[in-house]
Every structure is written in structure tokens, then in C-alpha cells.
Number of protein chains: 2
Amino acid sequence: MNTSQLCLGILCLGDASGYEIKKAIEQAFSHFQATSYGSIYPTLAKLTHQGLVSFHEQTQQKRPTKKVFALTEAGRKHFFQTLMSTEPTEQHRSDFLFLMMFAHLLPNEQNRALLEKQTAHLQSELDILERIINECPTLTPGMRFTLEYGIAANRALLQLMQGRSTALLREIDAARSPTASCE
Amino acid sequence: MNTSQLCLGILCLGDASGYEIKKAIEQAFSHFQATSYGSIYPTLAKLTHQGLVSFHEQTQQKRPTKKVFALTEAGRKHFFQTLMSTEPTEQHRSDFLFLMMFAHLLPNEQNRALLEKQTAHLQSELDILERIINECPTLTPGMRFTLEYGIAANRALLQLMQGRSTALLREIDAARSPTASCE
DNA sequence: AGTAAATATATTGCCCCGATATATAACGAT
DNA sequence: ATCGTTATATATCGGGGCAATATATTTACT
């Protein structure tokens, strides 16, 4: 999934400026997609050039003029055809797990802090997703499902973290000096 | 986490060539990190220039000569200091969830195929992680934990997919023609 | 009066990924 | 016997993405 598809996807839900597209991605897709202005603005220029989107400048009182982009018919077709040929891949990047891989090299205060930060992070993600699913009754089934998916993963991981953290810290310390467990 | 840290991390576990580093990342970190030759080789050149790794050419019978890289003392220090100052972040990129977001635009045969592919993918990931954790009794506690983490997430998601898929397909169809549910 | 935060667009530089090129040899199939 | 595939091994290129930064305006709080 590249920035073009992300932009077309947002514009499929309604017209928007580059700034609004970024905000929409953060709000609707934050738990499984990310992007940046450095990707969005050049992409919108390219999509305009390709005729997949069009825009009109909208002067606003008390705000900078914004370019409001809209999907063209060609853009809608292109987006649909891409959806039909996109493989359902997933990738997970975790600096947290990388750090845990080398926990035996770190002092246990550091490991404890990492586990606490990660637990807090999972909890706050879970809270956000649950708030959205509870407060938005008009979501499409597909959108609701993406939230359920994030909630299921976060709940399971939070449970693991809460049940396993203290034992893990003890195990890491025990493995550091093998004699300790033999006496 | 960038390619430099990934390479230093692998070399911290033992000397290796660029090719072996890629294999090691695929085997040990595959469920939470990824990289490519296009990143590894330039990075190893840069790390050599910075004095964080050194290498010697090792001629092999019946195999191309390889450059075996090793951490220098400066490299070990640098890696440790980076570990100490790295934030435990996580990011998830899912084309599967992006597609589900637009499930109402796709024919339900396509949605069914996507759900089945995703279920199969989660199952195969789970199988791999469980095989590793069962067949490797000498893992450090931290390494074992990264596997437990992946297993917990995959189990929970697999359960969601198995329990929710058929109902979801019905809901998507029902939302397409709102009258259908009112008769 | 000052300053932080929000709205809005755009560029730059560094880094990363996928594809490709090159070379050798083991292995299995026909 | 040879053909194709897989594995070992290094390296580069182009397109793309991300974080940081620049610029400008206005609201809102201090």
C-alpha cells in the first residue's frame, strides 16, 4: 500500500486538502497505516498530473488558501482496480521486541521501564479503539471490523504483558548468573 | 530501528557475512523486523568506515569468497548505548485492514477470499513461532518472550477471524442494500 | 504583549526496499 | 548428460518514503 492508494482511499470517502488527508489517515487508519507530508504533497501533484484527482483552490477567511482535492472518474476506477489486485499482506515493526531480544545486555531497571512503557502504550491504543467503536454507531461493517481486529490484538498482548512481565524480569536476571539458580 | 542497529545486533551474536546477516534477520527477527540486501551492503560499508565493524575476506572452496564482519570494541559500545536510548515503539502496516476498510466496494467473493488468505497467513505464522519455541530449549528469556508475544497476537487474531468472518460477510452484504434487513 | 498551538503547503536530505546484475555450484529431474 | 532450480555471495540503481524544516496566518491562553 503506497501513498497514492492511501490518498485515493481518503478521497473516496470525501473531498479533502493535503492537510485534511493526513489528519484523516491519522484518525481512521492510525493503527495500521501511516504517512507524512513529505509523501502526501508530491503524491497529490503526481495524481493531479495523471488525471486521477482534480482540485480547486478554496480561499478562506482567516485561514491560508487551501487546495481541495476530489477523485475524478478515472481515479475512482483506478482505485477500485487496485483494491481488486492488492494482496492482503501485513507487516509488524517493533523496536520493543528488538530491545527484548537483547534484554540480557541491559540492566533490569531498564528492562522494567521498557515493559512498563509498552504496557502503557498497549493500554492507550486499546482505549482509543474502544472509544471509537463505542461512540460511532454508523461505521460500515468493514470499518468496525478493523477496530475489532486492533482491539483483539491489543487485549491479548496486554494480558500477556500483565501476566508475564515480573516473571520475565526474574528469568533474565537468573540467566545472567547461571549459578544463582543452582544453589 | 535502522539497518545499522540490525546489523550490529546480529554481529553481537556472532561474526557473519552480509548474506548471513540477512538470513539471520529472517530467521530470528522475521515476525517484527525486515531488511534487504540493498540496505545491508551499503550499511556494512558505512559501519566499516566508521570503525564499528571490521572484516576479513574468507576464501572458500567451491563457494564465492565472503567478507566476514565482526563487531569492534567501538561497535559493541555504540550498540549498547543505542539500546539504552531506543524508545520501545511499534508500528503495524496492514494492507489487509486497508482492504477491509473498503470491503463495501468489493464483491463478496473477493472479501471472502481476502478473509481466507488472511486466516491462512495468521495460522502459518503461528505454526512457525510455535515450532521455534518448542524446538529450541536454549533460547534466552528475552528471545523466548518475543516468540510468546507473536504467538499471543496471532492466536487472538486467528480466533477473531474464525469466529467473525461469516457474520462479517453477511453484514457487508446487508449494508449494501439497506432495505434487505427491513423486510 | 508574548507565545504556544492549530491550520495549511511545500521542500530537502537521508534512508530504505525491490529489482536487477553477476558469478559459482549443488541438487534433482528428465 | 544436461537442463532448470535453488543456494551461496556481493553489489548497485531507481523510485519512494520519512523526519525535519521553512513559511505564513490566526486563535487562544498567559
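Everything quoted here is computed from the prediction, not taken from an experiment. Numbered from 1 within each chain, the chains take letters A, B, ... in sequence-line order.
Both the sub-6.0 Å distance and the 45° axial angle are not jointly satisfied by A:K66 relative to the ring of A:Y19.
Between the CE atom of A:M1 and the C1' atom of D:dG17 there is a distance of 15 Å, rounded to whole Å. C:dC16 atom P lies 15 Å from atom NZ of B:K22, rounded to whole Å. Distance CG (A:L44) to C1' (D:dG16): 15 Å, rounded to an integer number of Å. Rounded to an integer number of Å, the gap from NZ of A:K46 to C1' of D:dG16 is 8 Å. Summarising the geometry, the separation between OH on A:Y19 and P on D:dA22 is reported as 19 Å, rounded to the nearest angstrom. Look at CG on B:N2: it is 8 Å from P on C:dC15, rounded to the nearest Å. The distance between atom CG of A:L47 and atom P of D:dG16, rounded to the nearest whole Å, is 11 Å. Spacing between atom CD1 of B:I40 and atom C1' of D:dA9 amounts to 12 Å, rounded to whole angstrom units.
Between B:Y37 and the phosphate of D:dA11, there is no side-chain N or O to OP1/OP2 separation shorter than 4.0 Å. The side chain of A:S36 places no N or O atom within less than 4.0 Å of a non-bridging phosphate oxygen (OP1 or OP2) of D:dA19. A sub-4.0 Å separation between OP1 or OP2 of D:dC18 and a side-chain N or O of B:R93 is present.
In this structure, the side chain of B:Q33 engages the main chain of A:S94 through a donor-acceptor pair within 3.5 Å.
Nearest nucleotide to the side chain of B:P42, out of D:dT12, C:dT9, D:dG16: D:dT12. Side chain of A:K23, nearest nucleotide from C:dT9, C:dT7, D:dT10: C:dT7. Listed candidates were C:dA10, D:dA11, D:dG17. Nearest to the side chain of B:K67 is D:dA11. In the set C:dC15, C:dC17, D:dA19, the nucleotide with an atom closest to the side chain of B:T35 is C:dC17.
Nucleic acid contact class of B:G18 (heavy atoms, under 4.0 Å, all strands): sugar-phosphate only. If you check every strand for non-hydrogen atoms under 4.0 Å, B:A34 touches sugar and phosphate atoms only. Residue-level contact check: B:S17 touches the backbone only, with heavy atoms under 4.0 Å from sugar-phosphate atoms and none from bases.
The pair B:E87-A:K117 meets the salt-bridge criterion, with a side-chain N (NZ, NE, NH1 or NH2) lying under 4.0 Å from an Asp/Glu carboxylate O. Under the 4.0 Å criterion applied to side-chain N and carboxylate O atoms, A:E148 and A:R144 are not assigned as salt-bridge partners. For the pair A:D173 and A:R176, the salt-bridge criterion is met [side-chain N within less than 4.0 Å of a carboxylate O].
Residue-to-nucleotide proximity on DNA chain D shows that, of B:Q91 and B:S39, the 5′-proximal contact is made by B:S39. The 5' end of DNA chain D is approached more closely, in terms of each residue's nearest nucleotide, by B:F69 than by the other of B:F69 and A:S4.
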